[in-house]
Number of protein chains: 2
Amino acid sequence: MAVTIRDVAERAGVSVATASRVLTGSRNVSPVLAERVNTAARALGYRHNAVASALRRGRTNTVGMIVPEIGNPFFPSIVEAVERRLQESGRDLFLCDAQQDVTIERHRARALADRQVDGLIIVPVSATESRATLVEAVQRTPVVQVDRYVEEYPADWVGVNDELGVGLAVEHVVALGARRIAFVSASLDSSSAQQRYAGFERVVKRHGLPSDTPRLLGTFRAEWGRSAALQMLAEEPFPDAVVCGNDEIAIGLLGEFRRSRIRVPEDVLVTGFDDIRFAQLADPPLTTVRQPGEQLAAECIRLLDARMIDRDLPVQRVAIAPSLVVRESTGGSS
Amino acid sequence: MAVTIRDVAERAGVSVATASRVLTGSRNVSPVLAERVNTAARALGYRHNAVASALRRGRTNTVGMIVPEIGNPFFPSIVEAVERRLQESGRDLFLCDAQQDVTIERHRARALADRQVDGLIIVPVSATESRATLVEAVQRTPVVQVDRYVEEYPADWVGVNDELGVGLAVEHVVALGARRIAFVSASLDSSSAQQRYAGFERVVKRHGLPSDTPRLLGTFRAEWGRSAALQMLAEEPFPDAVVCGNDEIAIGLLGEFRRSRIRVPEDVLVTGFDDIRFAQLADPPLTTVRQPGEQLAAECIRLLDARMIDRDLPVQRVAIAPSLVVRESTGGSS
DNA sequence: CGGGAAGGGGTAAACGTTTACCCATAGGTG
DNA sequence: CACCTATGGGTAAACGTTTACCCCTTCCCG
């Protein structure tokens, strides 16, 4: 079998305790013995057994993360940022995909907890149906919600102020003269969808804009953007601007408008949300609300670490203000 | 602390052995006792400790996966497919991101092996510099390479026939009358880049096409597509067609062409590779070579399972034939 | 020089499962 | 009835670390 710490100790002529102390640096060991242990370990090709260590210490130096769907290009950006942060403290990230399914999400959460991750970062699939999973997870391990959160259960959260973000987009198109503004987003299953919708309604109301414009709620996918576009094209009057719940929807919308010879931004203004990689590559480049991924990640790890130190800390919800990125889909930079 | 199998056994009035046997189903237990154990477990909220189990059994029911960069939209699609496959056999996937860095890649591989994953699926960052990592991993656990492979080290691989795939694209534009064909791709660090380049040269040579057209090798990113486009615009003569090493490059290229009022496909034909989600949303929708993600995933798991059963199996390399998806960037469907 | 503290070493008991091994009983067979 | 096998149960030894606890020196200080 594999070489164990026992083999190392034997070859170095010390006890396993000493070997362990050298290898983990948990206590001072005389330089002579330390050197002997290190050479023995190297010579034997010793590899630390993280499972045994985890069993004994009760911690794994590992953080779990669950995202609703890794294919949604917004999530990879935040995963990458989180991973970079964790690396600084020498921890590893295990990433799981819930495939937009709360049952799978629950399985993943359990699998991670069963493996004794030191903490869990989760973007809940649903504001309501992910609650049970979250509650269970919180009892087992420190948990931080990112981007989305679960209703009626207080747990740490860090994300962008969605409500404000969509507000920025609406204000922007209003400033450009739009009056009839449509909203295309995902159905209100997730907190982001809810908050973004609320932001839209708030600003529309505040400016006394017509409220009979389309509010089309489907999914956060480009497919939905396409069909929403078709739906709007079939109806009169056509809106001055379409504010979208995320970039993918907006990109789908742009594609369909293009096909139908609707010019953006001349005939209609379009905005997105997230500022994913492809937003600036869209045709025309997409005005959108940028989520500051690095900050989100930094805050997320901070929260998680705080919770790991003290499970009884008061719940924190950190909302970071997003910023508007103006591109050609609303006429380009001022 | 948490409730252990010992607590369950006690409450059910049986030995830990019996409790374990009921809970894992490893041996027959009389229905009466089984029922008692199950109710006890439920009542106490018993959760299986996967770490302890892993230590004792030497296996974890877990597969590790490392991709060069989760932000590259091709990888999520294959990750999703792999995850679905694994789910069928009740295993979990732990995904890691190498951030395009062979050092991080090595860390991740070790972290996964240290945690006793039952197998490792890896898309190597580099054809040469990932070799050491791969060799080390293979000694510790069953490994399957996906999409890319490492040079001069025989290990299982499953991927698409890149050489053939690019060939399809070139043949396609040749059939449409293109003579001067440029190639924009990533530098030849990875096997995919190498194979795709080889496929390009082979078909160009076979048709006796001019070989003084641009061969621009940078990265697999849209950014690079942009600058390659600028480079080509600055030179005479302008090519009839540009075959790109992946979709992201092609999309960057399309963006720059659009800005420079070069019409696609009228002035130049453009093809991609991968058929990522955004290929059909590009402007114009992108003709590309589709990687059959589900098949890749299925084959990958099959290989991994075979290798888990017998470590001494001869090395297998499975190349799946890709297919061409014709869209408007080359004039649309025939 | 007595006593306490500090430093560095070892022994062995955890951590929570799984399972090899043993034992008792029941049932079948010659 | 002797013997064998099948079945279902328990005991306790792993799995590889970490660490509580103990011991022995050495050193410092009053």
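The figures here come from the full heavy-atom set of this structure, side chains too, leaving out hydrogens, waters and symmetry mates. To find a chain, count down the sequence lines: A is the first, B the second, and so on, and within it residues start at 1.
At most 12 non-hydrogen atoms from other residues, nucleotides or ligands lie less than 6.0 angstrom from CD of A/E10. For B/R6, the CZ atom sits in a loose shell: 12 or fewer heavy atoms of surrounding residues, nucleotides or ligands are nearer than 6.0 Å. Within a 6.0 Å radius of CD in A/E136, other residues, nucleotides and ligands contribute more than 12 heavy atoms.
Residue contacts shown for A/V51 are absent, as no nucleic acid heavy atom lies under 4.0 Å away. Looking at heavy-atom distances under 4.0 Å, B/S20 makes contact with a base. As judged by a 4.0 angstrom heavy-atom cut-off over every strand, B/T24 is placed among residues touching the sugar-phosphate backbone only.
One atom, CG of B/L23, and another, C1' of C/dG16, lie 12 Å apart when rounded to the nearest Å. In this structure, A/N28 places its CG atom 8 Å from C1' of C/dG8, rounding to the nearest Å. Distance NE2 (A/H48) to P (D/dG16): 13 Å, rounded to an integer number of Å. Between A/R27 atom CZ and C/dG9 atom P the separation is 9 Å, expressed in whole Å. For the pair B/Q116 CD and C/dT17 C1', the interatomic distance rounds to 14 Å; values are reported in whole Å. Separating the CZ atom of A/R6 from the P atom of C/dA13 is a distance of 13 Å, rounded to the nearest angstrom. Between the OH atom of B/Y46 and the P atom of C/dG16 there is a distance of 10 Å, rounded to whole Å. Taking atom CZ of A/R57 as the reference point, atom C1' of D/dG16 lies 14 Å away to the nearest angstrom.
A residue-by-residue look at A/L55 and A/S26 shows that A/L55 has its nearest nucleotide of DNA chain D further toward the 5' end. Each of A/S15 and B/N49 was assigned the nucleotide of DNA chain C with the nearest heavy atom; the assignment lying further toward the 5' end belongs to A/S15.
With distances taken from any side-chain atom of B/R21 to the nucleotides D/dG10, D/dT17, C/dG8, the minimum falls on D/dG10. Here the nucleotide nearest the side chain of B/A17, chosen from D/dG9, D/dT11, D/dT19, is D/dT11.
Judged by distance alone, with hydrogens and angles left aside, the side-chain atoms of B/R57 form no donor-acceptor pair with the main-chain N or O of B/S53 at under 3.5 Å.
The base of D/dT18 lies close enough to the side chain of A/R56 for a donor and an acceptor atom to sit less than 3.5 Å apart.
Side-chain nitrogen and oxygen atoms of B/T18 include at least one within less than 4.0 Å of the OP1 or OP2 phosphate oxygen of D/dG10.
What you find for A/G71 and B/E80 is that their closest heavy atoms are N-OE2, 2.9 Å.
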